[in-house]
Each structure stands twice: as C-alpha cells, then as structure tokens.
Amino acid sequence: MPSPETSDLLAGLTPPQRDAVTHVDGPLLILAGAGSGKTRVITRRVAYLLSQGVRAHNILAITFTNKAAGEMRHRVEQLVPGNKVFVSTFHSLGARLLRQYGERLNIDRNFTIYDVDDRNRLVKAALGTAGIDDVKFTPDRLAGAISKAKNMLLTPKLYEATANDFFTQTVAKVYHLYEKKLRAANGMDFDDLLYLPALFLKLNEELRRDLDHRFKYVLIDEYQDTNQAQYEIARRLSVNEPNLCVVGDPDQSIYKWRGSDIKNILDFERDFPATKVITLEQNYRSTQSILHAASVLIDHNKQRKKKALVTANPQGEPVRVLTFDNGLEEAEGVVVRIKEAVQAKKFRYRDHAIFLRINALSRTLESAFVKHGVPFQIVKGLAFFDRKENKDILAYLRLLVNPADTVSFLRVVNEPPRGVGKVSLDRLVSYAADLDITLLAAAGQVHKIADIRGKAATGVRDFHRLIAELRTQPDLPPHEMIRLVLDKSNYRKQLQESTDEEDADRLANIEELITASKQFSDEDSSRTLSDFLEQIALASDVDSWDEESDRVSVMTFHAAKGLEFPVVYLMAVEQGLLPHDRSLGKDEDIEEERRLCFVGMTRAMKELYLCHSRLREFRGQALYQVASMFLEELPREVSHDDLAARKNLPRAALDEWRGKVNATAASTGYGTQPRTLPPLKSGGSVGGDYEAGQVVQHAEYGIGQVTDVSGFGALRKLKVRFATGGEKTFVADMVKLTVVQRKA
DNA sequence: CTAAACACTGTTTTT
DNA sequence: CAGTGTTTAG
C-alpha cells in the first residue's frame with residue numbers, strides 16, 4: 001500500500017527508472033548508460049525498500065568509493081530520515097567482516113591494513129628469505145602477480161598447482177612465504193579484504209547463511225568493475241535471499257588491469273536466473289554534441305553490445321579539439337581559457353575539471369595555475385598521508401594497535417635515529433625468526449642477543465620500552481595518542497632542533513594530521529585509533545575531493561568516474577598516453593583505453609575540450625607526440641583549433657616525419673610512440689648554433705654560460721649556467737638567447 | 001652508525 | 001627527471 005512518501009519517491013521518474021526503483025524481490029540488473037540518473041535511481045530504490053517495510057539493517061549497498069558511500073547514506077537519510085543503511089565499499093565491507101567475525105575465523109581483529117608500499121616491502125623480505133636475490137623479477141612485479149592470484153581466489157597451493165613456467169613458479173614460492181609473513185605480522189593487504197571474506201563465504205556455510213540472511217537486499221554500484229573475489233562475495237550473499245541488484249555500464253569498465261572482469265556484468269542474467277533487466281539509455285547530463293561525440297567514439301569498440309545514448313538536452317557548443325605546440329603551452333592554454341570563462345562570468349572555477357591519463361602530467365598544470373593565479377585542487381587523496389613524517393607517525397600508531405606489525409616496526413625502530421643500524425636489525429630479525437616471535441618481543445629480550453651490543457642494544461631497548469609505555473594507554477583518542485607518540489619518541493624534539501627548514505614544515509604536517517584525527521573522533525566519539533587507521537588505509541583519491549570550494553579540479557580519468565562537471569578538458573590526448581603505451585599491443589587493452597576516454601568525455605555537461613600537443617617534455621626529454629587515434633575517431637562536427645603558435649618549428653620536416661610514423665603505424669595496426677627521434681634535415685641550425693663555453697643572454701635569467709649542448713634538430717638542448725647561480729636546460733629551438741661572446 | 005654523495009633505473013591507471 | 005639503492009667518508 002503506497003504511502004504518500006512512496007509517491008514522492010517516484011516523482012519525476014521515467015517509466016524505466018520507476019520500474020527499477022519499485023523492483024523489490026529477485027535479481028535485478030540495471031544497465032545504466034552514462035549520465036542516465038543512476039545515482040538517483042539507486043538512492044530512491046533504497047528509500048523505496050525502506051518505505052515498503054524492509055528494515056535498514058537488512059540492506060547492504062556497495063559503492064566504489066567511500067565518498068560515494070557517504071553521499072548515498074546522506075541522501076537516503078534525507079529521503080527516509082532516521083534510517084541507517086549500511087553503505088560501504090567492498091574493501092570496507094571486507095575489513096568490517098574480518099573484524100566482526102575475526103574470532104570465528106581465527107583472525108586477530110587488530111590486524112593492520114597494508115598498502116601497496118607495505119606489501120612490496122614484505123614481498124622483498126620474502127625474496128630475501130627465499131634466497132631469491134636475482135634481480136630478474138622485481139618485488140613489484142611479483143607482488144602484482146600475487147595480487148592477481150588473490151583476486152582470482154587462488155590460494156598459494158592452488159596457484160602453485162597451475163604454475164608452469166619459471167616466472168609463475170617463482171611467484172608460487174614467494175606467494176607462500178609472503179602469506180606466511182603477512183599472517184605472522186597480522187597484516188592484511190588490500191586483496192585480503194576481498195579474498196578472505198570471499199573464501200570464508202565459500203567454505204563456511206554457517207557464516208555464509210548468517211550473512212546472506214542479514215543482508216537480505218544487496219545493491220552494488222559500478223558492477224562492471226567488480227573482480228572475481230567481489231563477485232564471489234556478492235554471489236554468496238544472495239543464495240537464500242537472491243535480492244541482488246547490480247548497476248553498471250559495460251562501456252565504463254576501466255579497471256581490467258586491477259582484475260575486474262567485465263563478464264561479471266555480461267553474464268549476470270545467466271548467473272542469476274529470472275533476472276529482471278532494466279536499461280536506462282536516456283542521458284540527462286550532456287549536450288547532444290558531447291553525447292554524440294562520445295557515442296561515435298565508443299562505437300569503435302568491437303567487443304561491445306551496441307547501445308543507443310539519447311538525450312533531450314540542447315545541441316550545445318561543438319566539442320573542440322585543441323592542438324598545442326608543446327605541453328607548457330597546453331597547460332597554460334587550458335588554464336587561461338578557464339580564467340577567461342570565469343572572468344566573462346560564464347562559469348565558476350568549480351565548474352571546470354581537467355582529466356589526465358597519468359598523474360605525472362599534473363606538474364606542468366600546477367605551475368600554470370600558480371602562474372595565472374587560478375585556484376585549483378589536484379585530487380590525489382593520499383598525498384598528505386604519504387608524506388614521510390606522517391607515515392612515520394602512522395607506523396607508530398599501527399604498531400601500538402598491532403604489536404606484530406613487522407613492517408611498521410622496521411619503519412620506526414630507528415626513526416628518530418636511535419643508533420640501530422642495518423646489521424643490528426638483521427640480527428634482530430633473524431633472532432625473532434628463530435624463536436618465532438614478533439620483532440617487538442625480540443626487542444624486549446635484546447639483552448639476550450649476543451651480537452647486538454652497545455649503542456644499538458640501548459636503542460632497541462629504549463624503543464621497546466617506549467612502545468610498551470605507549471601501549472598502557474590503549475583507549476586514548478587518536479589525536480592525543482599522536483601527541484604522546486610525538487613527545488615520547490623524541491620525534492618532535494628532533495624536528496624542532498633541526499636546522500633544516502623543511503623540518504618545520506614536517507612538524508606542521510604532523511600538526512595537520514593531529515587536526516585530521518581530532519576531526520575524525522569528534523564526528524563520532526566511539527571511533528577508535530584503529531578506525532582512524534582503517535579510514536586512512538582505505539581512503540580513495542576522490543575521497544579527498546572538495547566539492548564545495550570554488551576551484552578547478554584536476555584528476556585522473558580513473559578518479560573522474562561517477563562525477564560530472566559543466567566544462568571538461570581532457571589533456572594530452574596523444575598516442576602513447578591515451579591510449580597509453582602499455583596498452584598498444586592488444587586490441588582488448590586499447591578498447592579499455594577507449595572506454596577511459598569515453599568515461600572522461602561523458603563527465604561533461606556543457607562544454608568539452610580534448611587537448612593534445614605536438615611536443616612534450618617527458619622525464620627530461622622532449623618527444624614529438626602524435627595525436628591520439630581516438631581523436632580521428634570522433635565525428636566530423638567536432639571542431640579543430642590548431643593553436644600551435646610556434647612559427648619557427650621546421651614544419652615541413654615535422655610533417656614528413658609524422659608521415660613516416662603514420663606509415664609504420666598503419667603497418668603494425670596501431671601507432672606506436674617513438675622512443676627516439678630521427679635527426680631533422682635542418683639539423684641544429686634552426687635554433688642557432690650553440691656550443692659549450694659561449695656566453696649568452698636570456699631575457700629572464702640574464703647572462704650565462706653554455707655548459708653543455710646535446711641532441712639534434714628540434715631535440716637539441718642546451719645547459720646554461722647563469723651568473724645568478726642557477727643552471728637551466730633549454731630546447732635550442734625554443735629558447736631565445738643572444739650570443740654575447742663566442743667563447744669564454 | 002649516519003649522512004652525504006653517487007650511480008642507477010624505470011616509468012599508468014588504484015582499493 | 002626524480003626516486004631509490006649503494007657506496008663512501010667521517
């Protein structure tokens with residue numbers, strides 16, 4: 001019986017949206033095209049379930065980021081006040097299950113969540129133990145293979161059974177040892193948070209049934225990006241109560257590299273019989289121009305179910321491709337355009353977003369923003385917690401919560417310096433290994449270790465005492481604990497006494513960490529230190545995004561998923577970057593890159609710009625860049641503006657060279673990015689003949705002396721040491737220098 | 001044992 | 001170019 005509330009919940013919905021919202025029991029697949037009002041449908045559906053008498057604690061909603069989870073919780077709360085629906089990410093859910101059912105599963109609930117960095121250290125340690133010091137396989141690569149194995153629910157034993165070459169056999173060995181070390185340290189890597197719950201749900205029928213019953217209604221957003229472990233969790237929670245609703249769009253699957261399997265969504269109907277399928281095709285976000293360009297692009301994917309994307313929105317401005325001469329001009333060009341749009345009162349800064357394929361590209365942008373006084377935020381969440389000083393403090397905290405935490409122990413045992421060097425540590429580690437005790441416990445009996453004497457022994461003993469003392473106050477709120485650590489460890493003292501200016505900044509950063517932790521516990525006084533650490537460990541990049549402030553947002557294509565902005569700029573849409581070099585081998589991978597481009601484009605509501613430049617500095621080298629193949633796949637209506645201002649580029653030679661590249665590109669199927677450039681016919685004469693020893697004048701930096709000349713043609717570079725003290729490197733073709741004296 | 005100088009190397013996307 | 005690991009001097 002629909003209450004008045006119910007009709008509110010259905011207000012303003014299209015028939016298919018309404019169908020999705022009012023579906024209660026049985027599996028439901030919502031294929032939601034970009035901008036089709038998906039979030040709205042999901043929240044309304046949760047609210048609708050509540051209005052139908054479903055109890056809040058029987059609903060589980062899974063989102064892709066914590067931020068999205070928070071928003072959904074908030075919106076549901078607004079629609080149906082007083083209901084606390086459990087909304088979380090898969091990883092947070094996993095952590096919660098492991099802590100909650102830890103006892104039953106023989107897991108210590110105080111486990112530490114290890115990030116990629118911690119994981120790699122442990123893999124490295126495992127390599128050492130295994131006596132594999134070959135540099136053939138980097139810890140990174142091995143860790144990646146282990147991660148993949150866990151995503152596919154392969155235990156070390158299962159993995160070993162399938163290992164059939166030298167690499168996989170090495171991985172198998174390391175995987176065994178790594179797991180052993182990880183369990184001994186009472187640590188969980190990111191994959192464990194999915195892998196272990198998935199395994200337990202599979203093997204422990206009693207627990208599975210309990211949870212299935214508890215989470216009667218399960219809803220999963222961004223289902224196209226779930227991996228096998230996540231699938232297993234969803235599947236096992238929906239056996240007795242098969243009310244699983246998944247929402248996704250195969251065209252927006254962009255995490256294959258992380259183990260996500262697009263088959264999960266494509267085969268959903270087969271896996272869950274009697275699934276109701278609802279397709280949302282109407283787009284409410286973008287102009288016709290934008291949507292059309294995006295559809296034409298994505299239509300180039302062969303592995304794809306054709307799908308119409310329609311909108312009743314106006315045609316809008318044409319999508320524009322902007323060609324710049326080089327990366328610097330591209331960054332400035334974009335920033336200046338944004339500034340002009342704001343000055344013309346057309347948009348606010350916060351209406352703009354810039355998407356990048358790789359984080360490294362944000363540097364040039366940053367300087368352009370600063371130079372032009374345009375407010376911006378680079379959305380990269382962990383940057384703050386990644387600072388050394390904060391990681392150190394967090395390692396102390398982790399060790400307090402989990403005394404078995406090897407990685408954290410090793411990180412801070414000599415931080416600040418206590419005279420404990422590598423040799424002493426190696427001895428401590430092997431002592432602990434021999435007795436099968438934790439490093440902290442070993443530190444407690446350092447007097448028994450004959451090989452550690454003098455300053456090292458005192459240092460280890462002091463450290464052990466410090467941790468023991470701090471551990472007597474387990475219930476201190478996070479911020480007070482940090483202060484205590486800071487004082488008792490002499491970390492603060494060390495920074496204060498330092499003459500290094502940066503150390504003052506470090507102290508300020510720690511103060512900021514204290515503020516963050518205080519805010520965290522002020523929001524909810526029941527939150528513990530362990531909760532604080534977990535929140536940091538599981539934070540995603542977009543979680544740090546500040547929607548309120550009036551700033552331009554800069555983020556990766558991946559981080560942009562699920563967001564929308566009135567004006568969007570895609571930067572460096574170039575062969576080798578988008579599609580990325582590493583995808584160029586396989587059609588499958590290129591299709592994922594195309595989806596990435598599609599995701600970026602469909603974030604735009606009113607205006608969309610795709611930028612690329614001809615020359616780009618990359619790890620200190622200038623490279624000619626070829627426009628992305630995706631740009632050629634756009635429809636004719638897209639307008640092209642060549643803003644390459646550089647008149648002195650040897651255009652004819654450049655065109656000839658590009659022609660060659662395109663010829664090779666055609667023969668290999670797809671273009672590849674040149675690693676080195678052939679010398680141009682015009683040699684180095686374009687930018688003038690420079691040689692080492694010349695004294696030159698630069699408009700900005702003044703008088704200097706050429707110290708080095710290298711490269712040819714457009715790549716010819718100069719190093720100039722200026723009278724003011726600095727040394728700069730210039731591209732000879734670009735820089736305006738006056739030769740003052742042939743040779744000094 | 002520490003710190004500083006050096007050589008080397010490797011390069012996407014992230015929970 | 002930067003970030004990491006290694007060597008060297010104190």
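Because only heavy atoms are used, hydrogens play no part in the values below, and waters and symmetry mates are left out as well, while side chains stay in. Naming convention: chains lettered A, B, ... in sequence-line order (proteins, then strands); numbering from 1 in each chain.
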| message | As a check on the pairing definition, encode DNA chain B in dot-bracket form, counting Watson-Crick and G-U wobble pairs whose two distances are under 3.5 Å, and using | for partners outside this strand. | response | ||||||||||.....
| said: Can you tell me which nucleotide in B:dT14, B:dC1, B:dT2 comes closest to the side chain of A:S424? | reply: B:dC1
| So, A:E330 and A:R616, do they make that salt bridge, N to O below 4.0 Å? | yes
| Of the candidate nucleotides B:dT12, B:dT15, C:dG5, which contains the atom at the shortest distance from the side chain of A:D541? | B:dT15
| task | Would you indicate which nucleotide in C:dG5, B:dT14, B:dC1 comes nearest to any side-chain atom of A:V423? | result | B:dC1
| request: Measure from CG on A:D140 to P on C:dG3 and round the result to the nearest Å. | output: 16 Å
| What's the CZ-P distance between A:R363 and C:dC1, to the nearest Å? | 11 Å
| message | More than 12 heavy atoms of other residues, nucleotides or ligands under 6.0 Å from CZ of A:R387: yes or no? | response | no
| query | Hey, which of these two, A:G419 or A:Y255, hits DNA chain B nearer its 5' end, going by closest nucleotide? | reply | A:G419
| field | Atom-to-atom span, CD of A:E222 to C1' of B:dT14 - whole angstrom | value | 14 Å
| P gap between C:dT4 and B:dT13, integer Å | 15 Å
| request: State whether A:S540 places a side-chain N or O below 4.0 Å from either non-bridging phosphate oxygen (OP1 or OP2) of B:dT14. | output: no
| query | Taking it one step at a time, do A:W257 and A:H558 satisfy ring pair (Phe, Tyr, Trp, His ring centres under 6.0 Å)? | reply | CA-CA 12 Å; A:W257 53 274; A:H558 286 89; 5.8 Å; yes
| said: With a 4.0 Å limit, can you tell me whether A:T556 has a side-chain N or O closer than that to the phosphate oxygens OP1/OP2 of B:dT12? | reply: no
| query | With centres under 5.5 Å and planes under 30°, do A:W257 and B:dT13 count as stacked? | reply | yes
| remark: For A:N110, the side chain to side chain donor-acceptor pair (under 3.5 Å) test, sequence neighbours excluded, returns none
| message | Check this for me: A:K256, atom NZ, are more than 12 non-hydrogen atoms of other residues, nucleotides or ligands nearer than 6.0 Å? | response | yes
| task | Just do the side-chain contact (heavy atoms from CB on, under 4.5 Å) check on A:R357 and A:L596 with the steps written out, would you? | result | CA-CA 9 Å; A:R357 177 66 237 265; A:L596 204 49; 3.5 Å; yes
| task | State, without any angle test, whether A:N390 and A:N509 hold a side-chain donor-acceptor pair at a distance under 3.5 Å. | result | no
| field | Integer angstrom distance from the C1' of B:dT12 to that of C:dG5 | value | 23 Å
| task | To the nearest Å, give me how far apart CZ (A:R258) and P (B:dT13) are. | result | 13 Å
| Between atom CG in A:D589 and atom P in B:dT12, what is the gap in whole Å? | 14 Å
| Distance test, side-chain N/O of A:N359 to OP1/OP2 of B:dT13, below 4.0 Å | yes
| task | Answer yes or no as to whether B:dT15 has its base stacked against A:H91, where stacking requires a ring-centre separation under 5.5 angstrom and planes under 30 degrees apart. | result | no
| query | Using a cut-off of 4.0 Å on non-hydrogen atoms, how would the nucleic acid contact of A:V116 be classed: base, sugar-phosphate, or nothing? | reply | base
| Roughly, in whole Å, what's the span from CD in A:E592 to P in B:dT14? | 13 Å
| said: Does the plane of the ring in A:F463 sit parallel, tilted or perpendicular to the ring in A:F409? Use 30° and 60° as the thresholds. | reply: perpendicular
| So what does A:F557 touch, heavy atoms closer than 4.0 Å: a base, only the sugar-phosphate, or nothing? | nothing
| request: Return the 5'-most residue of the pair A:L538, A:I358 with respect to DNA chain B, ranking by each residue's nearest nucleotide. | output: A:I358
| query | Contact class for A:N414 (heavy atom, under 4.0 Å): base, sugar-phosphate, or nothing? | reply | sugar-phosphate
| task | Starting at atom CD of A:Q230, determine the distance to atom P of B:dT14, rounded to an integer number of angstrom. | result | 16 Å
| query | CZ of A:R121 versus C1' of C:dT4: gap in Å, rounded? | reply | 12 Å
| Checking side chain to side chain donor-acceptor pair (under 3.5 Å) against A:D225, which of A:R258, A:Q230, A:K561 comes through? | A:K561
| field | Touch class at under 4.0 angstrom, heavy-atom based, for A:S583 against every strand present | value | nothing
